[in-house]
Undergrad: 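I am attaching a structure below and will ask some questions about it afterwards.
Protein chains get the first letters and strands the later ones, always in sequence-line order, with residue 1 at the start of each.
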2 protein chains.
Amino acid sequence: MPPSSTVENYLKEVYLGVGRLPAGATLLPMGQLASALGVAPGTATTMVKALAESGLVDYEPYNGVRLTAAGTRLAATVLRRHRLVELFLVQVMGMRWDEVHDDAEHLEHVVSDRLIDRIDEMLGHPETDPHGDPIPGKEGTIRERHFETLLTCPVGTRVVVARVSDQDPVFLRFVERHGLKPGQVVSVEARDEVADAVQLRGADETLFTLGARAASKLLVDVTPEAAAAATPAAGRSAAPRR
Amino acid sequence: MPPSSTVENYLKEVYLGVGRLPAGATLLPMGQLASALGVAPGTATTMVKALAESGLVDYEPYNGVRLTAAGTRLAATVLRRHRLVELFLVQVMGMRWDEVHDDAEHLEHVVSDRLIDRIDEMLGHPETDPHGDPIPGKEGTIRERHFETLLTCPVGTRVVVARVSDQDPVFLRFVERHGLKPGQVVSVEARDEVADAVQLRGADETLFTLGARAASKLLVDVTPEAAAAATPAAGRSAAPRR
DNA sequence: ACGGCGATTTTGACTAATCAAAAATACAAC
DNA sequence: GTTGTATTTTTGATTAGTCAAAATCGCCGT
């Protein structure tokens, strides 16, 4: 009667997939879902139809899939477990932020409510995980803040990295090397449309360049409050402010 | 290619089941395996035949099942994960020893080598879990010590509880209330064959009685060294000495 | 308004794990 | 020795999840 890991994974991917949809769209195409889950397209269709039966998703043949309220609640608890576990592995177990994803991927399906509450408490009810992703509340409430990216934010300002939307360890280590972890400050020096790149100055004053693809994965907070809050303890800090 | 949780559970139960066999026997009857796993007898037969195919167990139709060397190694790593996780949940997460079994039952199948090594290190390479069960080594080595029980040990001696062989939360809380956790000291005052009971005196001098069934679940160390090592810090300590 | 192509669904088949119930077996008792 | 009973194995079926490949659909471009 508890949802299987498979069901949890489908719901989680629908949630994340819908979030990545171009503005306006709300239906996730089956192909995207299938490839996110690493299954054949037909498999996704079959499973989604079953999920629709159980009232966890709305399914429009040939159009795509979206979560119902019940599905969203379940997806949120999975995401909550995943993100709390990730933060726990970094903060308490001393693992690197680029190596916790796979463990969390498995643990998210087996940690009990008792244990996850204990973890939540032990971490002081954190709001974001090591990548800056928001941690849903106990009752399945998610508040997704809207952020600019290094590709869209105003040039010439100091911004605070808020979120890194890529779990690839190689990319994460690159981000870390350049002082771009959530909570760290960076200045956008220039943006060159033609070269498809962004010029940045790190907290340590070093200059470096990021391609558009990479830059768009770094979500930043451009509000002056954020900059003010982050500046003092700029350095190596792991957990994002706020 | 990694063994499924189901396979891991079968191997674990074969290991534990064989351990509970009367002296001399080495083959676990299918019925016992099936009921330990909570599956129908026929299911166990089918699965065990498959395990025999893969060289993890020796199977003698109508006689029972036993682990091969490869099967033992695998069972040991599962037990290692289970017991390290249990100790971790008690020691680091602050959970009670009577409530960690179920979580460990699930976690044992998903914790990565990296994480389990981290846990092992964080706990200082412990030798036993909160119930006194030995934690197999990284390479699948298990050293099962032989213990007396409160039913078989000499009367009139001070003994140290070494291991509690029952995971039932109600029993565990009872054990705790009477100061019988691993590492704690107790004196065997008298044993009454007819009444089927054992008279005990706890570290705090209170007298109480245990039925044979319960007494046989408490494994004790009767060596003087153990008593000497345990006496000083008798009290509430959770982890067993040595 | 038609052709074609890419995305989607359907179909048929497979694997792992399970159960209930029927058949077979071991062994103890007579 | 035969028989009875408890245990074990076999059989036939079921469920969840999956794939490959065939069929179908939606829609874009002319």
Undergrad: Round to the nearest Å and state the distance from A:Tyr62 atom OH to C:dT8 atom C1'.
TA: 5 Å
Undergrad: Take the protein atom CG of B:Leu33 and the nucleotide atom P of C:dT18, then report the distance between them rounded to whole Å.
TA: 11 Å
Undergrad: Does the A:Glu99 side chain pair with the main chain of A:Arg96, one donor and one acceptor, at a distance under 3.5 Å?
TA: yes
Undergrad: Think A:Ser4 has a side-chain N or O under 4.0 angstrom from the OP1 or OP2 of D:dG17?
TA: yes
Undergrad: Can a side chain N or O of A:Thr45 be found less than 4.0 Å away from OP1 or OP2 on C:dT9?
TA: yes
Undergrad: Phosphate oxygens OP1/OP2 of C:dT18: is one of them under 4.0 Å from a side-chain N or O of B:Tyr10?
TA: yes
Undergrad: Nearest whole Å is fine: how far is D:dA16 P from A:Glu8 CD?
TA: 16 Å
Undergrad: So what does A:Gly42 hit on the nucleic acid, given a heavy-atom distance under 4.0 Å: a base, only sugar-phosphate, or nothing?
TA: base
Undergrad: Less than 4.0 Å between a side-chain N and a carboxylate O, is that true for A:Arg145 and A:Glu127?
TA: no
Undergrad: On the 0 to 90° scale, with breaks at 30° and 60°, tag the A:His131-A:Trp97 ring pair as parallel, tilted or perpendicular.
TA: parallel
Undergrad: Without decimals, in angstroms, what is the distance between B:Met47 CE and D:dT10 C1'?
TA: 18 Å
Undergrad: Starting from the 5' end of DNA chain D, give me the residue, A:Pro61 or A:Pro41, whose nearest nucleotide shows up first.
TA: A:Pro41
Undergrad: Could you please name the option among D:dT18, C:dT9, C:dT10 that lies closest to any side-chain atom of A:Val39?
TA: D:dT18
Undergrad: Are any side-chain N or O atoms of A:Arg83 and backbone N or O atoms of A:Pro134, one a donor and one an acceptor, separated by less than 3.5 Å?
TA: yes
Undergrad: Can you check the B:Asn63 CG to C:dC27 P distance for me, whole Å?
TA: 7 Å
Undergrad: Let me spell it out: for each of B:Pro29 and A:Val7, pick the nucleotide of DNA chain D with the closest heavy atom. Which residue's pick is nearer the 5' end?
TA: B:Pro29
Undergrad: Which whole-number value in Å describes the distance from B:Tyr59 OH to D:dT10 P?
TA: 6 Å
Undergrad: Distance check needed: D:dT18 C1' versus A:Leu37 CG, whole Å only.
TA: 12 Å
Undergrad: Indicate, with a heavy-atom threshold strictly under 4.0 Å, whether B:Thr43 touches base, sugar-phosphate, or nothing.
TA: base
Undergrad: Rounded off to whole Å, could you give me the CE-to-C1' distance for the B:Met30 and C:dT25 pair?
TA: 14 Å
Undergrad: For A:Leu56, does its backbone N or O pair with a side-chain atom of A:Thr68 as donor and acceptor, under 3.5 Å?
TA: yes
